[in-house]
Amino acid sequence: IMLNQAGFYPHAPKVAVVTNCPAASRFYVITADKKDTVFSANLGEEKQSTNSDTKTRIADFTQFSTKGSFFIHVPGVGNSSVFKISDDANREVAIATLKGYYYQRVSMPLEEKYAGKWHRPAGHPDTAAYIHPSAADEHRPAGTIISSPGGWYDAGDYNKYIVNSGITMGTLLSAYEDFPAYFSKFHTNIPESNDAIPDILDEVIYNLRWMLSMQDPNDGGVYNKCTNASFDGMVMPGVTKAPRYVVQKGTAAALDFAAVTAQASRVLKQYSKGLADTCLKAAEKAWEWAKQHPAMEYNQKDFQPPITTGPYGDKYFKDEWFWAGAELYITTKQEKYKPEIIEAGLPSWNNVGMLGYYTLLRFNKEPQLREKVISMADRYAANLSAFQTPMGQSVRDFNWGSNSNAANQGILLINAYKLTGDKKYIDLALSNLDYLLGRNATGYCFVTGIGSKSTMHPHHRPSVADGIKEPVPGLLAAGPNPGMQDKCKYEFTAPELAYADIECSYASNEIAINWNAPIVYLANALEALKRR
Ligand code: 9MR
């Protein structure tokens with residue numbers, strides 16, 4: 001019996017999915033203490049999932065709105081996990097997923113009062129990173145030492161990548177821009193929690209300062225990553241002393257950097273004029289550099305010495321131009337940045353056009369963009385999966401990092417709600433959060449530390465090496481991915497089941513900053529909009 005293991009809002013849809021149970025007919029909602037049966041109804045018609053052999057039946061208890069703790073019983077099938085119905089059903093997820101970034105901080109110790117049992121010494125100082133030959137020029141010859149401290153570890157590995165920081169930062173900054181009043185009162189117990197800046201922005205600033213160090217002050221170009229030559233073993237942060245390199249500049253890095261710093265400049269102006277000015281200058285310089293190097297692809301194939309960590313190599317820059325142009329245009333109001341409209345799809349690290357749509361729509365009436373977002377949301381609404389969510393409507397939703405697709409669809413739906421005021425889009429967005437927190441074919445809640453059956457063995461070096469049974473909390477696992485690139489020993493029968501909760505499975509069970517960001521947005525947006 002699959003359901004959102006975090007819980008439900010009293011006056012929002014409440015759906016569980018019972019799988020492969022042809023004989024069952026009714027379901028019962030029972031209080032957690034087993035004393036009272038408080039609701040019962042018939043299960044829905046059996047449906048065949050298009051992404052596996054799974055057959056589903058819906059247990060819809062939307063009408064039941066009493067707060068408390070309950071479980072679902074289906075005779076002949078069994079009991080679901082216990083869930084709550086409350087006004088802040090997803091608050092714990094909202095806090096945990098943002099706090100997840102604190103646990104990814106690179107160059108500072110995580111103190112017990114913030115990190116609990118996951119406290120640890122600082123990771124890589126990154127105060128002495130070498131300019132790799134691929135990045136060398138007359139100002140900074142190969143071997144020049146630069147300082148590039150701080151930021152977040154990208155994922156289960158210990159490297160820092162500008163391109164992936166791009167979409168991550170854009171998504172978090174947009175969460176703040178869309179719900180500023182909510183976030184001004186939202187705390188995650190981080191070292192900066194008592195300052196005058198909302199915690200989400202404090203967290204963003206920690207990575208922003210690192211990003212700024214990745215711009216070459218001589219020409220405005222932006223290096224792709226600060227990295228080891230090859231991936232570390234499964235050890236704690238900062239244990240290996242392998243040299244760190246700053247590698248080749250590139251167009252995607254420069255434009256993602258320009259977009260983030262332009263947006264940050266606008267958002268941070270009210271908190272720190274100095275940092276906002278620095279960001280805007282950095283954005284303009286990166287944009288100018290990109291104009292001189294409009295299609296410089298990152299490709300580490302022939303690097304000497306070799307670099308084999310994640311490439312985040314992108315060849316197609318139209319979306320990055322659009323996004324950077326949109327952010328610079330909104331921040332500066334200068335026509336020269338106003339981008340020509342392009343087609344945009346669901347965001348991913350190499351497809352960021354939609355972030356530009358969101359920003360243009362946030363500040364200007366753009367009928368053409370409005371239409372595109374709403375028609376995409378309506379396509380999601382038109383045909384739900386057997387788990388009654390837009391996620392899995394197409395089998396293409398299941399690729400590397402599929403869970404971020406579920407979350408990004410949710411963000412699109414929240415934007416459709418903001419544009420139309422139609423609450424059906426909030427309900428659909430909520431159904432994608434339900435998917436991520438348990439209402440899916442695997443039955444897993446994919447956020448560590450949440451619910452009764454969640455990811456326990458993510459491909460995440462600290463979680464593996466720290467000797468603590470529970471993984472570092474608040475991290476979203478990648479999710480089902482039939483590509484199975486990790487070639488670990490596990491079996492699956494179909495795309496929506498291609499998930500293995502084992503450390504080895506870096507293709508289905510890693511965590512990454514670009515996957516956490518959309519669930520931060522989604523969980524917090526739903527808390528902000530509270531379906532009372
Ligand atoms: O999320 C990335 C995915 O889209 C790519 O197909 C994959 C292979 O290049 O890399 C993923 O990103 C990884 C990055 O390269 C290194 N850090 C961990 C990231 C998540 O697996």
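What you see is a predicted model; the values in this text were computed from it and never measured. Both counts, for ligands and for their atoms, begin at 1 and track the order of listing.
Annotation: atom 12 (O) of ligand 1 to nearest protein heavy atom, Tyr312 OH, 3.3 Å. Scanning the protein for heavy atoms near atom 15 (O) of ligand 1, the closest one is Gly310 CA, 3.2 Å. Ranking protein heavy atoms by distance to atom 9 (O) of ligand 1, first place goes to Pro311 CD, 4.1 Å. Trp515 CZ2, 3.6 Å is the protein heavy atom nearest to atom 1 (O) of ligand 1. The protein heavy atom nearest to atom 2 (C) of ligand 1 is Trp349 NE1, 3.6 Å. Considering only non-hydrogen protein atoms, atom 16 (C) of ligand 1 sits nearest to Tyr161 OH, 3.6 Å. Remark: minimum distance from atom 21 (O) of ligand 1 to any protein heavy atom is reached at Glu510 OE1, 3.0 Å. The protein atom (non-hydrogen) at minimum distance from atom 10 (O) of ligand 1 is Trp400 CZ2, 4.3 Å.
Any N or O atom pair closer than 3.5 Å counts here, and Tyr506 shares no such pair with ligand 1. Here's the thing with Asp154: one of its N/O atoms is less than 3.5 angstrom from an N/O atom of ligand 1.
Set against the non-hydrogen atoms of Asp157, the atoms of ligand 1 under 4.0 Å away are 16 (C), 17 (N), 18 (C). The contact set between ligand 1 and Ala155, taken as ligand atoms under 4.0 Å from a residue heavy atom, comprises 17 (N), 18 (C).
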### Task
Give the intermediate values and the outcome of ring pair (Phe, Tyr, Trp, His ring centres under 6.0 Å) for residues Tyr435 and Phe387.
CA-CA 8 Å; Tyr435 169 95; Phe387 289 82; 7.5 Å; no

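In this structure, the ring of Phe303 has its center less than 6.0 angstrom from the ring center of Tyr298. In summary, the aromatic rings of Tyr380 and Tyr425 are positioned with their centroids too far apart to meet the 6.0 Å limit. Checked against the 6.0 Å centroid criterion, the rings of Tyr357 and Phe322 qualify as a close aromatic pair.
Taking Glu527 as the reference, Lys530 meet the salt bridge (charged side-chain N to carboxylate O under 4.0 Å, His left out) condition, with sequence neighbours excluded.
A cation-pi arrangement is absent between Lys225 and Tyr161 under the rule of less than 6.0 angstrom and at most 45 degrees off the ring axis. Judged by a 6.0 Å distance limit and a 45° cone about the ring axis, Arg244 is not positioned over the six-membered ring of Tyr130.
In this structure, a donor-acceptor pair under 3.5 Å is present between the side chains of Gln485 and Asn481.
For Asn351 against Leu346, the heavy-atom pair with the smallest separation is ND2-O, 3.7 Å.
Residue-level proximity to ligand 1 for Tyr153 is absent, since no heavy atom of it falls below 4.0 angstrom.
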